[in-house]
*Asks:* 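This is the structure I have questions about; it appears just below.
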Amino acid sequence: MEINFTGKVALITGAGSGLGLLSAKCFAKEGAKVVLVDINEEAINNAVEEIKKDGGEAIAVKVDVTKYDEVKMSCDKAIETYGAVDILVTCAGGSELRLCGMSDKHFYEAPIEVLDFGIDLNLKGAMYYHHALFPHMKEQCGGVIITLGSITGQEGGHFAYSAAKSALMNGVVKSLAIEGERYGIRAVCVAPGPVLTRPGMAGMKTMAGRAADPQEIVDVILFVASERGAFINGTTFLIDGGRNVMFNKTGPQTPPLTKENK
């Protein structure tokens with residue numbers, strides 16, 4: 001599948017690690033100029049150097065996505081540097097309990113500030129970028145907004161994180177598509193199931209019997225952002241190896257058939 005982003009500018013949040021970092025590298029490899037955004041300045045600076053060594057173009061901008069003034073600054077910096085932002089990919093996020101070192105706690109045992117942080121990071125952080133970049137995309141009569149959802153937004157389990165992802169996968173992506181229709185702006189949510197970006201993901205059950213390789217998720221992001229995905233709008237791609245349906249099917253839960261258990 002040939003995908004070419006030559007002449008395009010992609011801004012990616014959460015680009016210091018995981019799916020955000022891999023997305024940035026892949027967009028650059030396919031010709032895009034890339035703006036890497038993350039709170040971890042060292043990580044994105046290192047990523048930019050790597051991209052440049054491979055012949056790509058990129059800049060790093062340190063941003064706390066929970067602060068709108070920093071979000072706006074990064075958008076202005078991207079436009080000032082490259083003249084446009086054609087593709088926005090919001091990957092910044094994570095479970096509030098895990099990020100706050102409270103993975104062993106229930107949501108009701110956490111201070112309310114932790115739940116506020118979960119909503120600020122996972123929902124408002126993405127919406128801040130939607131708000132800051134939409135006028136620019138409207139002015140240039142085009143753009144693609146890709147927001148990272150999660151299987152957790154479908155099945156629940158992490159309270160603020162789950163609530164935020166559910167909102168992105170439903171009301172937010174649909175509202176963006178409706179608002180962007182007149183201006184050639186598409187909006188799509190890509191929602192992974194378990195992905196091998198963290199060791200803990202490997203133990204999550206799927207019909208496929210494994211977690212996704214990160215490249216499998218990023219390939220969908222690239223396709224959606226490209227002209228090959230031009231007919232995709234206002235919807236969510238749940239890429240979960242069948243996890244969402246395996247717990248809803250009737251009958252006994254059976255493992256995948258292999259040569260050993262035929």
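Nothing fancy with the numbering, it's 1 onward along the sequence. Worth knowing before you read on, the calculation uses all heavy atoms, side chains too, and leaves out hydrogens, waters and symmetry mates.
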*Asks:* For residues Val195 and Leu19, report the shortest heavy-atom separation together with the two atoms involved.
*Replies:*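 In this case the closest contact between Val195 and Leu19 is CG1-CD2, 4.3 Å.
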*Asks:* Are the side chains of Ile146 and Leu88 in touch, meaning some heavy atoms are under 4.5 Å apart?
*Replies:* no
*Asks:* Under 3.5 Å, sequence neighbours excluded: what are the donor-acceptor pairs made by side chains of residues 110-132?
*Replies:*
{"from": "Asp120", "atom 1": "OD1", "to": "Lys124", "atom 2": "NZ", "distance (Å)": "3.3"}
{"from": "Asn122", "atom 1": "OD1", "to": "Gly94", "atom 2": "N", "distance (Å)": "2.8"}
{"from": "Asn122", "atom 1": "ND2", "to": "Gly94", "atom 2": "O", "distance (Å)": "2.9"}
{"from": "Asn122", "atom 1": "ND2", "to": "Gly118", "atom 2": "O", "distance (Å)": "2.9"}
{"from": "Tyr129", "atom 1": "OH", "to": "Ser74", "atom 2": "OG", "distance (Å)": "2.7"}
{"from": "His130", "atom 1": "ND1", "to": "Ala126", "atom 2": "O", "distance (Å)": "3.4"}
{"from": "His130", "atom 1": "NE2", "to": "Thr147", "atom 2": "OG1", "distance (Å)": "3.1"}
{"from": "His131", "atom 1": "ND1", "to": "Tyr68", "atom 2": "OH", "distance (Å)": "2.7"}

*Asks:* Shared ILVMFWY cluster between Ile87 and Ile221, side chains joined below 4.5 angstrom?
*Replies:* yes
*Asks:* Quick check for you: to the nearest 0.5 Å, what is the distance between Lys138 atom NZ and Ile185 atom CD1?
*Replies:*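 Answer rounded to 0.5 Å: 9.0 Å.
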*Asks:* Quick one: are Val144 and Met137 in side-chain contact, heavy atoms under 4.5 Å?
*Replies:*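 In short, these two side chains do not touch, never coming nearer than 4.5 Å.
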*Asks:* Can you pull out every side-chain hydrogen bond (donor to acceptor under 3.5 Å, both in side chains) where at least one residue sits in residues 159-185? Sequence neighbours excluded, please.
*Replies:* none
*Asks:* Heavy-atom distance under 4.5 Å between the side chains of Val85 and Gln140, does that happen here?
*Replies:*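 Result no, sub-4.5 Å side-chain heavy-atom pair not found.
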*Asks:* Taking all non-hydrogen atoms of both residues into account, name the closest pair between Ala187 and Asn233 and its distance.
*Replies:*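 Minimum heavy-atom separation between Ala187 and Asn233: N-OD1, 2.9 Å.
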*Asks:* Answer yes or no: is there a donor N or O on one side and an acceptor on the other, between the side chain of Glu155 and the main chain of Thr152, under 3.5 Å?
*Replies:*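 A pair under 3.5 Å: no.
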*Asks:* Are any non-hydrogen side-chain atoms of Val48 and Ile59 less than 4.5 angstrom apart?
*Replies:* no
*Asks:* I'd like to know if Met73 and Ile44 are part of one continuous hydrophobic network [Ile/Leu/Val/Met/Phe/Trp/Tyr, side-chain heavy atoms within less than 4.5 Å].
*Replies:*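 Unlinked, Ile44 and Met73 end up in two clusters.
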*Asks:* If a pair satisfies ring-ring contact (aromatic ring centres under 6.0 Å, His included) and one of its residues is in residues 20-66, list it, with sequence neighbours excluded.
*Replies:*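 Those involving residues 20-66 are Phe5-Phe27.
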*Asks:* Enumerate the ring-ring contact (aromatic ring centres under 6.0 Å, His included) contacts for residues 72-103, please, sequence neighbours excluded, ordered by first and then second residue.
*Replies:*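 Listed once each, the pairs would be none.
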*Asks:* Side-chain contact, heavy-atom cut-off 4.5 Å: Val190 with Ile239?
*Replies:*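 The answer is yes; the side chains approach within 4.5 Å.
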*Asks:* If you draw a 6.0 Å radius around CD in Glu227, do more than 12 non-hydrogen atoms from other residues or ligands fall strictly inside?
*Replies:* no
*Asks:* Find the distance between CG (Asp69) and CG (Asp76) and round it off to the nearest 0.5 Å.
*Replies:*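 The CG atom of Asp76 is 11.0 Å from CG of Asp69, to the nearest 0.5 Å.
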*Asks:* Go through it in stages, so that I can follow the logic: the residues are Leu148 and Val89, the test is side chain to side chain contact (heavy atoms under 4.5 Å, CB included), and I'd like the CA-CA distance, side-chain angles, deciding distance and then a yes or no.
*Replies:* CA-CA 7 Å; Leu148 201 70; Val89 184; over 6 Å; no
*Asks:* Apply the test side chain to side chain contact (heavy atoms under 4.5 Å, CB included) to residues Val61 and Val35: give CA-CA distance (whole Å), side-chain angles for both, the deciding distance (0.1 Å), then the verdict.
*Replies:* CA-CA 7 Å; Val61 188; Val35 180; 4.0 Å; yes
*Asks:* Within a reach of under 6.0 Å around CD of Gln215, are more than 12 heavy atoms found that belong to other residues, nucleotides or ligands?
*Replies:* yes
*Asks:* Any link between Phe237 and Phe223 through a network of hydrophobic side chains (Ile, Leu, Val, Met, Phe, Trp, Tyr) touching at under 4.5 Å?
*Replies:*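 Looking at the clustering, Phe223 is in the same group as Phe237.
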*Asks:* Could Lys52 and Glu57 be called an ion pair, given the rule that one side-chain N must be under 4.0 Å from one carboxylate O?
*Replies:*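 No salt bridge links Lys52 with Glu57.
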*Asks:* Looking at Val218 and Ser23, what are the two nearest heavy atoms and their distance?
*Replies:* CG2-OG, 3.6 Å
*Asks:* Which heavy atom of Asp240 sits nearest a heavy atom of Ile151, and at what distance?
*Replies:* OD2-CD1, 3.6 Å
*Asks:* Is the backbone N or O of Gly242 less than 3.5 Å from a side-chain atom of Thr206, with the two atoms forming a donor-acceptor pair by type?
*Replies:*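 It does not hold such a pair.
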*Asks:* How far does CG of Leu168 sit from OG of Ser150, to the nearest 0.5 angstrom?
*Replies:* 10.5 Å
*Asks:* Hey, are Lys67 and Asp64 close enough for a salt bridge, meaning a charged N less than 4.0 Å from a carboxylate O?
*Replies:* yes
*Asks:* Minimum heavy-atom separation for Ile232 to Arg186, with atom names?
*Replies:* O-NH1, 2.9 Å
*Asks:* Within the structure provided, determine whether Arg228 and Ile3 are in side-chain contact (heavy-atom separation under 4.5 Å).
*Replies:*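 They are in side-chain contact.
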*Asks:* If the threshold is 4.0 Å, N to carboxylate O, is there a salt bridge linking Glu70 and Lys77?
*Replies:*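 A salt bridge is absent here (no side-chain N lies under 4.0 Å from a carboxylate O).
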*Asks:* Any pair with a residue in residues 30-43 that passes side-chain hydrogen bond (donor to acceptor under 3.5 Å, both in side chains), sequence neighbours left out, goes on the list, sorted by first then second residue, please.
*Replies:* none
*Asks:* Show your reasoning for whether side chain to side chain contact (heavy atoms under 4.5 Å, CB included) applies to His158 and Leu97.
*Replies:* CA-CA 8 Å; His158 291 269; Leu97 294 177; 5.9 Å; no
*Asks:* Give the intermediate values and the outcome of side chain to side chain contact (heavy atoms under 4.5 Å, CB included) for residues Arg243 and Met207.
*Replies:* CA-CA 6 Å; Arg243 179 179 171 85; Met207 279 185 170; over 6 Å; no
*Asks:* Please report, to 0.1 Å, the donor-acceptor pairs under 3.5 Å made by any side chain of residues 8-15, with sequence neighbours excluded.
*Replies:*
{"from": "Thr13", "atom 1": "OG1", "to": "Cys91", "atom 2": "N", "distance (Å)": "2.9"}
{"from": "Thr13", "atom 1": "OG1", "to": "Ala92", "atom 2": "N", "distance (Å)": "3.1"}

*Asks:* Please determine whether residues Val34 and Ile145 belong to a single hydrophobic cluster, defined as Ile, Leu, Val, Met, Phe, Trp and Tyr linked transitively by side-chain heavy-atom distances below 4.5 Å.
*Replies:* no
*Asks:* Provide the closest heavy-atom pair for Pro192 versus Ile217 in the form atom of the first, atom of the second, distance.
*Replies:* CG-CG2, 3.8 Å
*Asks:* Assigning hydrophobic clusters by single linkage (Ile, Leu, Val, Met, Phe, Trp, Tyr; side-chain heavy-atom cutoff under 4.5 Å), is Val188 placed with Phe134?
*Replies:*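 No, because Val188 and Phe134 fall into different hydrophobic clusters, even though each may have its own neighbours under 4.5 Å.
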